[in-house]
Amino acid sequence: MGIAELLREVDGSGEFGVWLGRLDGVPVFEHAAERTHYAASTMKLPVAMAMLRKIEAGELTLDQPVTVHNDFASAAGGRFGVNPDEDEAPATWTKLGTPVPLGWLASEMITRSSNLATDLVLEQVGVDAAHAVLAEYGPGDSAIRRGIDDAAAQRAGISNTMSPAGLAGVLVAVGNQKDDYLRDLLAGNQWNGEIPALLPTGTRVEHKNGWDTRIRHDGGIVRPPDADPFVLVVCTTSDLPDSEAQNLIAAIALEAWNHRHDLEAIR
């Protein structure tokens, strides 16, 4: 079943977007690729890229200490904290009040999708710097405007948005970097229920996913051992049960994999 057929199977149950192409940034298949969705944890990738830019500029270092705390400036004014019950990465919480290296927080942010680690890194980087990365590489209206769990900002309509084309643009930039640091973090992602799920065991997938109520996204660089790498992003905002949304993304990834030698023939 081609990607278009897979999408027709879920027509009417929500909004679905797909971007598929190679590391030259040219898409071979798009479906509603510039329509934005709530970004969820996909925003953590531009945050990591902004951090690396500041490291290259000499403004930050991976080994600099950051004291773990849970009190942040809200984009709407005032302060907010991350909800520990909605953070599925416990390690950062065990370090409250303790200095840890910025690089350790970046690893927790990407490999385990820690919300608390994300807001600590974002505090060092700045929202504007993270948004600038997304604006540079991601076409359209994708935006980073606030930290994770900034409820006051959310109520004020200040949100993080991501389109498949936007996330794909960032991934293409990551895939063409000379340094493997961020690609290795993405390859170490511990949450693998979407793009990697149906691919052959051991396939290197450098990806960042995100999920929330009605939200399930994944975007990554797939590196087959016998073909050129390809970039796939699938964003879903729907009434599908979460497991079905995951299965949809996995099925789309498998279809792309099956056409890896002739990606342009994808349907």
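One is the number of the first residue; the rest follow in order along the sequence.
Ionic pairing of E136 and R53 is present here: one or more N-O contacts between side-chain nitrogen and carboxylate oxygen are shorter than 4.0 angstrom. Taking 4.0 Å as the cut-off between side-chain N and carboxylate O, D11 and R8 do not count as a salt-bridged pair. Salt-bridge check for D87 with R112: failed, with every basic side-chain N at 4.0 Å or more from each acidic carboxylate O. Salt-bridge formation is not detected for the pair R260/D228: no Lys NZ or Arg NE/NH1/NH2 atom is positioned less than 4.0 Å from an Asp or Glu carboxylate oxygen.
Note that the OG atom of S238 and the CZ atom of R214 stand 6.5 Å from one another [nearest 0.5 Å]. Rounding to the nearest 0.5 Å places OH of Y38 at 6.0 Å from CD of Q154.
Screening L134, L182, V133 against L45 for a side chain to side chain contact (heavy atoms under 4.5 Å, CB included) leaves a single residue, L182.
For the pair T42/N209, no side-chain contact is recorded, criterion being any heavy-atom separation below 4.5 Å from C-beta on. Counting only heavy atoms from C-beta outward, the side chains of V18 and V233 never approach each other to under 4.5 Å. Residues D150 and F72 form no side-chain contact, since every pair of their non-hydrogen atoms from C-beta on lies 4.5 Å or further apart. In this structure, the side chains of Q124 and K54 stay at 4.5 Å or more apart for every pair of heavy atoms. Contact annotation: the side chain of N192 approaches that of H207 to within less than 4.5 Å [non-hydrogen atoms, C-beta and beyond]. In this structure, H31 and V234 have side chains that are not in contact, with every pair of non-hydrogen atoms separated by 4.5 Å or more. Contact of the L62 side chain with the Y181 side chain is registered, since non-hydrogen atoms from C-beta on lie closer than 4.5 Å.
Between T111 and W191, the shortest heavy-atom contact is O-CD1, 4.1 Å. Between T237 and H217, the shortest heavy-atom distance links the atoms OG1-CE1, 4.3 Å.
The environment of D239 atom CG is dense: over 12 non-hydrogen atoms of other residues, nucleotides or ligands sit within 6.0 angstrom.
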- Task: Decide side-chain hydrogen bond (donor to acceptor under 3.5 Å, both in side chains) for K44 and S41; before the verdict, give the C-alpha distance in whole Å, the side-chain angles of both, and the deciding distance to 0.1 Å.
- Result: CA-CA 6 Å; K44 297 170 183 177; S41 290; 2.9 Å; yes
